[in-house]
Amino acid sequence: METGGPVPPQWQDIMSDVLVGSTHISARNAELAATLASDYAGLNPVLIVVLKGAFMFATDLSRALSIPHELEFIRASSYSGTGSTGTVVIHGLEHAKLAGRHVLVVEDIVDTGLTLSHIYARLKDAGAKSVKCIALLEKDTALRLKEVPSVDYIAFRIPDKFVVGYGLDFDQRWRHIPFVGVYKK
Ligand code: XMP
Ligand code: MG
């Protein structure tokens with residue numbers, strides 16, 4: 001499955017275009033895992049997987065990552081507000097022991113950056129020694145909030161379109177599609 005190739009027949013009602021094909025995703029995951037293995041050598045990082053969207057990316061990345069690492073899983077729910085007044089509630093950090101640890105947040109997509117800035121604040125409160133982020137996708141959006149932490153590792157930058165597949169959903173559906181495509185409204 002190649003980027004820009006035809007949408008397979010069974011997904012043609014759902015997607016207009018393949019944005020990132022599965023071959024490209026696996027190749028990029030291998031590259032990023034090699035970079036992380038070098039950057040985090042000897043540090044036993046904790047990967048904080050942001051559910052549900054990052055589940056597939058995190059699974060593939062973790063399998064490709066040759067250095068010892070731990071995994072924790074959190075949920076981040078946003079409640080709409082306007083711009084930076086939106087509130088994000090984070091569940092799942094209650095039992096994680098992060099003081100003094102090197103922490104890497106694994107996200108599906110960074111859009112405005114609101115979710116990520118709330119997660120970073122919580123991780124710093126938890127006493128993490130370092131906090132960085134790896135995202136499958138970064139959206140090229142004019143709505144990116146100011147004072148949002150920059151994403152340290154990005155697999156793919158995409159245009160400002162609503163996408164599904166490889167973990168990402170529309171109304172909880174289509175997470176299982178093994179590549180990323182533009183959702184047909
Ligand atoms: P913020 O604006 O906080 O948004 O950076 C991050 C969250 O918004 C969701 N999101 C999407 N989900 N397709 C999706 O399935 C998209 O194109 C998309 N854009 C944003 C997602 O939950 C992400 O964690
Ligand atoms: Mg979603």
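Remember, it's 1-based here, ligands and their atoms both numbered in the order they're listed. FYI, side chains are in, hydrogens and waters are out, and symmetry mates aren't considered; it's all heavy atoms of this structure.
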Of all the atoms in ligand 1, which lie at a distance below 4.0 Å from a heavy atom belonging to [X]?
X      : result
Val163 : 13 (N), 14 (C), 15 (O), 16 (C), 17 (O)
Asp169 : 14 (C), 15 (O)
Lys139 : 16 (C), 17 (O), 18 (C), 19 (N)
Glu107 : 24 (O)
Lys161 : 17 (O)
Thr115 : 1 (P), 3 (O), 4 (O), 6 (C)

Looking only at protein heavy atoms, which one is nearest to atom 24 (O) of ligand 1, and how far off is it?
-> Asp108 OD1, 3.1 Å

For atom 20 (C) of ligand 1, which protein heavy atom lies nearest, and how many Å away is it?
-> Asp111 OD2, 3.5 Å

Report the part of Leu116 (side chain from C-beta onward, or backbone N, CA, C, O) that has a heavy atom under 4.0 Å from ligand 1; answer both or neither where that applies.
-> neither

When you measure from atom 1 (P) of ligand 1 to each heavy atom in Ile109, Thr112, Leu19, which option holds the nearest one?
-> Thr112

Tested for side chain to side chain contact (heavy atoms under 4.5 Å, CB included) against Leu104, the lone hit among Val49, Val131, Leu36 is Leu36

Looking at the Mg ion (ligand 2), which N/O/S atom of Asp169 is the nearest one?
-> OD1

Just by distance, with hydrogens left out, do [X] and [Y] show a side-chain donor and acceptor under 3.5 Å apart?
X      : Y      : value
Tyr166 : Asp108 : no
Ser77  : His91  : no
Gln172 : Lys52  : yes

Taking both backbone and side-chain atoms of Gly113, is any N or O found less than 3.5 Å from an N or O belonging to ligand 1?
-> yes

Counting distance only, does the side-chain N/O of [X] pair as donor-acceptor with the main-chain N or O of [Y] below 3.5 Å?
X      : Y      : result
Gln12  : Val7   : yes
Arg173 : Val164 : no
Lys139 : Lys161 : yes

Kindly indicate whether atom 8 (O) of ligand 1 is approached by any protein heavy atom to under 4.0 angstrom.
-> no

In this structure, NZ of Lys185 is separated from CZ of Phe170 (nearest 0.5 Å) by 7.5 Å

Under the side-chain hydrogen bond (donor to acceptor under 3.5 Å, both in side chains) test, which residues partner Ser16, sequence neighbours left out?
-> none

